[in-house]
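Structure first, commentary second.
Counting from 1, the numbers follow the sequence of the chain as shown.
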Amino acid sequence: MKKLSAGGGWQAIRYTFRKGIESGGLFKLYRALRSRNACKTCALGMGGQHGGMVNEKGNFPEVCKKSIQAMAADMQPAITADFWTKHPISQIRNWSPRQLETSGRLIQPILYEQGSDRYHTITWNDAFDRIAAKLKQLTADETFWYFSGRSSNEAGFLLQLMARLYGTNNVNNCSYYCHQASGVGLQTTLGTGTATVVLEDLDDCDTIFIIGGNPASNHPRLMTTLMHLRRRGGRIVVINPMRELGLVKFKVPSDPMSLFFGTKIATHYIQPHIGGDLALLTGVAKCVVEMGKHDLEYLKKHCNDVDSYMAGLANTPWSEIVEKCGVDETTIREIADVYAKSEGTVFSWTMGITHHTHGVENVQAITNLALLRGMIGRKGAGVMPIRGHSNVQGIGSVGVTPKLKDELFENLTKQFGVKLPTTKGRDTLDCMEAAKSGELKFGLCLGGNLYGSNPDAQFAEDALEELDMLVMLNTTMNTGHGRGLAKQTIVLPVLARDEEPEPSTQESMFNYVRLSDGGPRRLPGPRSEVSIIAEIGRRVLGNSTPVDWEQMQKTNTIRHWISKVVPGYQEIDTIAKTGKEFQVGGRTYHTPKFNTKDGRAQLFTHPLPNLTQLADNQLRMMTVRSEGQFNTVVYEDYDLYRHQDRRDVILINPDDMERMGLEHDQLVTVSSDTGRMHNLLARAFEEIRSGNAMMYYPESNVLVPRTVDPQSRTPMFKNILVTISKQLALAE
Ligand SMILES: Nc1nc2c(c(=O)[nH]1)N[C@H]1C(S)=C(S)[C@@H](COP(=O)(O)OP(=O)(O)OC[C@H]3O[C@@H](n4cnc5c(=O)[nH]c(N)nc54)[C@H](O)[C@@H]3O)O[C@H]1N2
Ligand SMILES: Nc1nc2c(c(=O)[nH]1)N[C@H]1C(S)=C(S)[C@@H](COP(=O)(O)OP(=O)(O)OC[C@H]3O[C@@H](n4cnc5c(=O)[nH]c(N)nc54)[C@H](O)[C@@H]3O)O[C@H]1N2
Ligand SMILES: [Mo]
């Protein structure tokens, strides 16, 4: 594969044209992308009432390859009924994520029963009958309800309400495998679970830290912001064990200068070992204090436990810091100097920070560092977890968490006179474990790919197979439709948000609520998520609760409920009428007054974790996304920016290759305590820090243990101890 000199650029534009032609014409694709609907991919957010490809500041064109891929996927032709007779499960289960995704759009409800080897189509009525019968048979706490972050606020709110009225708090979303550590980390320090900045703050800051993320692939829209920051002389500090091409140089397609010549992105690129961030961030903080560049007045006035935090920094020796991050003291001092000179720093991070057993501590270390110089509670500075799915934040806001926020719980109980369960609900991994042990018997997944996103893929398959019934609401097929099928498995086809008959809303990572108009359906068959949920509610709960399930088919009614009960969401009531999108109240801080009990921020002192120790044939392995995929959905098998033409590879630093006596593209077996993968190609990859390795998710999930961060229950997807052994021939 040709090695690129920069991310983005003509490759992205050429791709747009190709996809346009594939999906029935460029104009058709352009029109779909410009429709007034929130973008379907990441949570940076664009679209809504300004029209597609426009961000919340009204800038146009904001486009990324990911949104084109997602749109083109929804514009695929239907999977026809004979598909299910032609392809038995024994075949489907071995298809690659890409094969599954490109099979077409799901348009008919399908049923699989254990003992048979096929799905067959069923009527909607039959599907609803089976679901209602099963739910009437079970007790509420024998069921769980998983939500991905693509669904609307309306669908999320309605389904969690239904599940709770039915009697269970086993309600959770993909955030438990994603940014939960950020939620817990921010809540414990600042009293908010989300970013403290708005999009404008990124234009006012002079320094951005990008820690453990690859926005060039995963949040390409952020690259325009980074380009502008560089042009006005700002600093960009990247902390990542891997040198990601797009963070070194990027060609922003909507900017002619950048498109032709490329824009340098990182001013400083630091490569710690996987899991070394806590030590590194502590080192930077220690140095800032040693330089006397901390803001003691701010700390005393607005933060708790300042003295113990300072003592902790003073008592941590440099030798320990350097050993536990793998970055030398001079480099750490350089970074501290950049930060010390900054008048406005935004700290951003993604999965390289959260997917660790010390994910919450990592996030707290970031807020410590920001508080140290008073960077939270003023314009042009703050902290920013870069969120994943386009509406994962909204789903959380409207109550898709095992425990409802106290205010939301009270509002629902009082204003609507409904009775809600008070049991401790289960998080995602807990649900999987309880499915395996037989405590849970029914699961419903509103979007997503629960099987595919799980650590320990073999366990996930076994666990879901134990269920009596699994119901999945999806637009297209994924690996979860071939493996981990329950005794009865029902797949219900849904409309994408730009095909819905009624408007819906989504919340961006900047806490900005957007209105999507919906639009004409592309194919006959799929139904809106809201109508499906309301129908299940009607059949299962009938008139037994104060909720009128007929009325709840209307998104306007749901928004009315949301406006009355969800904190900060009052303005949603009239959004469909006025088109006025809004900022959720009480989240972003432009004064140092925090949502904590005493209005002060909390500093945390942490012991520094040891780096994973390696034997000669071992490496620390992270599982990551390629440029051509969206989570478990793989659009293209190649990874453009890491110049890989296939996914069955393990990327290893040339020094480690030499030490292990491996040749480039040699066949290897990679094993962990959890599983083993044969027939992988070991590839020399200079950009990764030695001692560390990289594989692609979701294929590598067979190797990922079920080890979680005890505070947030986020799995450790990024630090897996693996052993490499040479393989002489292709294994069976
Ligand atoms: N195109 C595309 N966009 C996406 C997605 C997608 O799959 N495809 N997924 C969406 C979702 S749900 C999410 S959560 C986000 C994910 O966005 P990212 O977090 O950017 O995604 P990952 O591929 O998991 O990348 C993690 C990055 O962290 C680095 N890393 C790994 N371990 C460590 C570590 O210990 N320390 C540090 N400092 N860095 C480390 C890796 O080298 C890699 O660059 O993207 C969203 N957007
Ligand atoms: N090893 C490893 N595992 C990981 C990660 C990792 O980095 N490494 N990352 C984790 C992270 S950050 C996340 S967020 C999870 C992802 O977990 P999920 O969110 O569960 O998975 P996705 O792959 O995003 O789900 C894709 C499916 O959603 C469906 N879909 C798309 N649009 C819609 C819609 O509008 N409505 C409905 N109902 N369905 C729709 C399609 O059928 C598609 O197949 O995976 C986690 N697992
Ligand atoms: Mo995510």
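- Using a distance-only test at 3.5 Å, with no hydrogens or angles considered, a donor-acceptor pair links the side chain of Arg647 to the main chain of Tyr697.
- Under 4.0 Å is where a charged nitrogen must lie from a carboxylate oxygen, and between Lys554 and Glu502 no such pair does.
- When all heavy atoms are compared, the tightest approach of Ile533 to Ala155 is CD1-O, 3.5 Å.
- Proximity of a side-chain donor or acceptor of Gln506 to a complementary backbone N or O of Ser390 within less than 3.5 Å is not detected.
- Annotation: side chain of Ile395 is not in contact with side chain of Gln393 (no heavy-atom distance under 4.5 Å).
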Solution key, residues 107-114 side-chain donor-acceptor pairs under 3.5 Å, sequence neighbours excluded:
residue: Gln114; atom: NE2; partner: Glu465; partner atom: O; Å: 2.9
residue: Gln114; atom: NE2; partner: Leu485; partner atom: O; Å: 3.0

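- Smallest separation of non-hydrogen atoms from Pro455 and Ala460: O-CB, 4.4 Å.
- Going from atom CG of Leu467 over to atom NZ of Lys134 covers 10.5 Å, rounded to the nearest 0.5 Å.
- Between the CG atom in Asn478 and the CG atom in Leu100 there is a gap of 7.0 Å [rounded to 0.5 Å].
- Salt-bridge check for Asp462 with Lys436: failed, with every basic side-chain N at 4.0 Å or more from each acidic carboxylate O.
- Closest of all the heavy-atom pairs between Thr354 and Cys178 is OG1-O, 3.0 Å.
- The existence of a salt bridge linking Arg642 and Glu244 is confirmed by a sub-4.0 Å separation between a basic side-chain nitrogen and an acidic carboxylate oxygen.
- Contact between Cys445 and Leu470 at its shortest, heavy atoms only, is SG-CD1, 4.1 Å.
- The backbone N or O of Gly628 sits less than 3.5 Å from a side-chain atom of Ser626, completing a donor-acceptor pair.
- Looking at Gln99, its side chain does come within 3.5 Å of a backbone N or O of Ser96 through a donor-acceptor pair.
- For the atom pair Tyr177 OH and Asn172 CG, the distance stands at 8.0 Å (nearest 0.5 Å).
- The closest donor-acceptor contact from the side chain of Arg559 to the backbone of Glu154 lies at 3.5 Å or more, if one exists at all.
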* To do: Applying side chain to side chain contact (heavy atoms under 4.5 Å, CB included), run through Gln488 and Arg130 and close with a yes or a no.
  => CA-CA 9 Å; Gln488 279 190 79; Arg130 285 169 187 267; 3.0 Å; yes
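- The minimum heavy-atom distance linking Met716 with Val704 is given by the pair O-CG1, 3.9 Å.
- For the atom pair OG (Ser148) and CG (Asn474), the distance works out to 9.0 Å, reported to the nearest 0.5 Å.
- For the pair Tyr641 and Ala216, the tightest heavy-atom approach, listed with the atom from each and the gap, is CE1-O, 3.7 Å.
- Panel note: side chain Thr623, backbone Phe717; a donor-acceptor pair is recorded below 3.5 Å.
- Under the 30°/60° scheme for interplanar angles, the aromatic rings of His389 and Phe630 are found to be tilted.
- By the 4.5 Å heavy-atom criterion applied to side chains, Thr143 and Leu135 are counted as neighbours.
- For the atom pair CG (Asn173) and CZ (Phe147), the distance works out to 8.5 Å, reported to the nearest 0.5 Å.
- In this pair, Trp95 and Phe83 present their aromatic rings perpendicular. The plane angle is above 60°, beyond the 30 to 60° band.
- Remark: Arg118 fails to qualify as a cation-pi partner of Trp84 under the 6.0 Å distance and 45° angle criteria applied to the six-membered ring.
- Taking the side chain as every heavy atom from C-beta outward, Phe157 and Ser152 never approach each other to under 4.5 Å.
- Ion pairing of Asp639 with Arg625 is absent here, as no side-chain N (NZ or NE/NH1/NH2) approaches a carboxylate O to less than 4.0 Å.
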* Start with the C-alpha distance between Glu507 and Arg514, add both sets of side-chain angles, then the distance that settles salt bridge (Lys or Arg N to Asp or Glu O under 4.0 Å), and finish with yes or no. => CA-CA 6 Å; Glu507 178 187 322; Arg514 248 174 244 288; over 6 Å; no
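- Proximity of Ile536 to Val471: side-chain heavy atoms (C-beta onward) are nowhere separated by under 4.5 Å.
- A side-chain contact (heavy atoms from CB on, under 4.5 Å) with Val398 holds for exactly one of Leu158, Ile562, Ile558; it is Ile562.
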* Go through the steps for Glu499 and Arg105 under the test side chain to side chain contact (heavy atoms under 4.5 Å, CB included), then give the verdict. => CA-CA 13 Å; Glu499 306 165 333; Arg105 280 287 296 273; 2.8 Å; yes
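- Taking the charged nitrogens against the carboxylate oxygens, Glu535 and Arg538 do have a contact shorter than 4.0 Å, which makes a salt bridge.
- The closest donor-acceptor contact from the side chain of Thr350 to the backbone of Gly212 lies under 3.5 Å.
- When atom types are taken as modelled, the side chain of Asp117 and the backbone of Ser90 share a donor-acceptor pair closer than 3.5 angstrom.
- Applying the side-chain contact (heavy atoms from CB on, under 4.5 Å) criterion to Val649, with sequence neighbours excluded, gives Gln644, Arg646, Leu651, Leu681, Arg683, Tyr696.
- Using a 4.0 Å cut-off between charged side-chain N and carboxylate O, Arg706 and Glu433 make a salt bridge.
- For the atom pair CG of Asn701 and OG of Ser453, the computed distance is 8.0 Å after rounding to the nearest 0.5 Å.
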* To do: Evaluate side chain to side chain contact (heavy atoms under 4.5 Å, CB included) for Asn454 paired with Asp456, printing each intermediate quantity in order.
  => CA-CA 6 Å; Asn454 254 271; Asp456 196 347; over 6 Å; no
* Evaluate side chain to side chain contact (heavy atoms under 4.5 Å, CB included) for Leu473 paired with Ile532, printing each intermediate quantity in order. => CA-CA 9 Å; Leu473 278 62; Ile532 298 172; 4.1 Å; yes
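- In terms of modelled atom types and a separation under 3.5 Å, the side chain of His219 and the main chain of Arg387 share a donor-acceptor contact.
- Judged purely by atom type and a 3.5 angstrom limit, Glu500 has no side-chain atom pairing as donor or acceptor with the backbone of Arg497.
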